Every structure is written in C-alpha cells, then in structure tokens.
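Taking it in order: structure first as structure tokens, then the write-up.
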Amino acid sequence: MAILDPNTLAVLGLKQLIGGAMPMVEIDSFEDFESFLDEGPENYVHIFVTMNIFLSNRLFFNDNSRKTIVLTTSEEQYVPDFNTLCVNQPERQFVHSLLALEHKGHPHHPEAAKGDNKGSLLTPRETEVMVLIVQGFINKEIAAKLNIELSTVITHRKNIMEKLGVKSVSALTMYAVIHGFVDMNKI
C-alpha cells in the first residue's frame, strides 16, 4: 500500500489506522509523485493520493483507477471513476468510510471470517466486549449489558487490545469489521 501525501501528520494518522487493523500490510509513504515512481508503482495494490498530486499526474492515475483512492478535503469533492476518501471528518465516520472502501474493493475478503488466528485468541467474553466497544458502548454500559463489574470490562478491554496488537478504538473497529466480528452497518 502506498500513501502519496506531503503532510506528515496525515500520513502518520492514516498509517496508524490502517496498520492497527491490518498489521500484516506494508505501508510506504511518499512526499511526492517522483519518489513514488522511483520506488515502482507496480509494487502497490492500493494507492492513497492527495487531490493535488492526483490532479498533477492525472494520466498515470487514469491508468491505475482501480487501485487509486483520492484523499479529499470535503465530502463534496467527487472524482468520477475513482474512489475518494474525505480526510476532514470525525474519526468514527472516517473509519466507517475507510471500511466501506475496503468492503467495496474486497467484498469477499479471505480474512473476513470469524475465528481467524488472532480472533481465536479472544475468549468468548472478550469477543462480546470487543463487539460492544466497536458498536460505541462505553465501559459502564458494557458492564450493565453483560452484567459484569466495570473493572472486569476494563481488564477485558486491555487484554483485547494487547492480544490483537491494536492501539486505538478506530483500529479495533477496522479489525472487527474486516474480520467479520461486526457488520459494518452496525457501527
């Protein structure tokens, strides 16, 4: 996967979100189009690119439209025949948009099955807690729903994050949806 964006903070954030949910994916970043070309664009399955770099190199991206995702700054920016992703939206909505793109591109993703290697590390109770976290419930609500102590929810939450190697709720959400634990439409 490649990210073409001169904004270091934007690149780090996107890498964190994607890497947290899909740690096996290698993500390279490039400040400009020339550096990307030097590395070999054929090596990348997906290319996230800012609108400015996209517009300046439109001919290249026209030939690679299936693997190009244009990063926009507003929901109104639309590029015909290309997938777009607005970077200026609340985190939860951004993750949902990113997951929708992933699902659109890989509707029968081979890893989207419950009980993959990492998921099987979770106990049934931890899986229940993970699903509720991803659905937006806070610790206190999870404790009430599952009829367990608040401290138990906190312990489960810590164990889930450690076992799956994720560091944020956004990454956990991406993981849970991509691996089939939660329906994308229920987050």
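Keep in mind that this is a model prediction, so the values were computed, not measured. One is the number of the first residue; the rest follow in order along the sequence.
Between Thr123 atom OG1 and Asn159 atom CG the span is 8.0 Å, to the nearest 0.5 Å. The OG1 atom of Thr50 sits 9.5 Å away from atom CG of Asn7, with the distance rounded to the nearest 0.5 Å. The distance from atom CD of Gln89 to atom OG of Ser97, rounded to the nearest 0.5 Å, is 4.0 Å. Atom CD1 of Ile142 is separated from atom CG of Asn147 by 14.0 Å, given to the nearest 0.5 angstrom. Taken from CG in Leu4 to CG in Asn57, the straight-line distance is 8.5 Å, to the nearest 0.5 Å.
Neither Leu12 nor Leu85 shares a network with the other; the hydrophobic side chains, linked directly or stepwise wherever heavy atoms of I, L, V, M, F, W or Y lie under 4.5 Å apart, form separate groups for each.
Shortest non-hydrogen contact noted between Asp81 and Ser65 is O-CB, 3.8 Å. Here the closest non-hydrogen pair linking Lys167 and Met161 is C-CE, 4.0 Å. Pairing each heavy atom of Ile53 with each of Phe61, the nearest pair is O-CE1, 3.9 Å.
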Worksheet item: Step by step, would you call Asp5 with Val49 a side-chain contact (heavy atoms from CB on, under 4.5 Å)?
Response: CA-CA 6 Å; Asp5 190 341; Val49 60; over 6 Å; no
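Looking only at side-chain heavy atoms (C-beta outward), Thr152 and Arg125 stay at 4.5 Å or farther from each other. Using a 4.5 Å heavy-atom cutoff, the side chains of Thr155 and Lys158 are not in contact.
Contacts classified as side-chain hydrogen bond (donor to acceptor under 3.5 Å, both in side chains) and involving residues 135-144 (residues at least two apart or in different chains) are given here: Asn139-Arg157.
Other members of the hydrophobic cluster containing Ile154, listed by chain and number, are Leu150; membership follows side-chain contacts under 4.5 Å among ILVMFWY residues, whether direct or relayed.
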List the atom pairs, donor and acceptor, that lie under 3.5 Å between side-chain atoms in residues 28-42 and the rest of the protein, sequence neighbours left out.
residue: Asp28; atom: OD2; partner: Tyr44; partner atom: OH; Å: 2.6
residue: Ser29; atom: OG; partner: Lys15; partner atom: NZ; Å: 3.4
residue: Asp32; atom: OD1; partner: Glu34; partner atom: N; Å: 3.3
residue: Asp32; atom: OD1; partner: Ser35; partner atom: N; Å: 2.7
residue: Asp32; atom: OD1; partner: Ser35; partner atom: OG; Å: 2.7

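More than 12 heavy atoms of other residues, nucleotides or ligands sit less than 6.0 Å from atom CG of Asn43.
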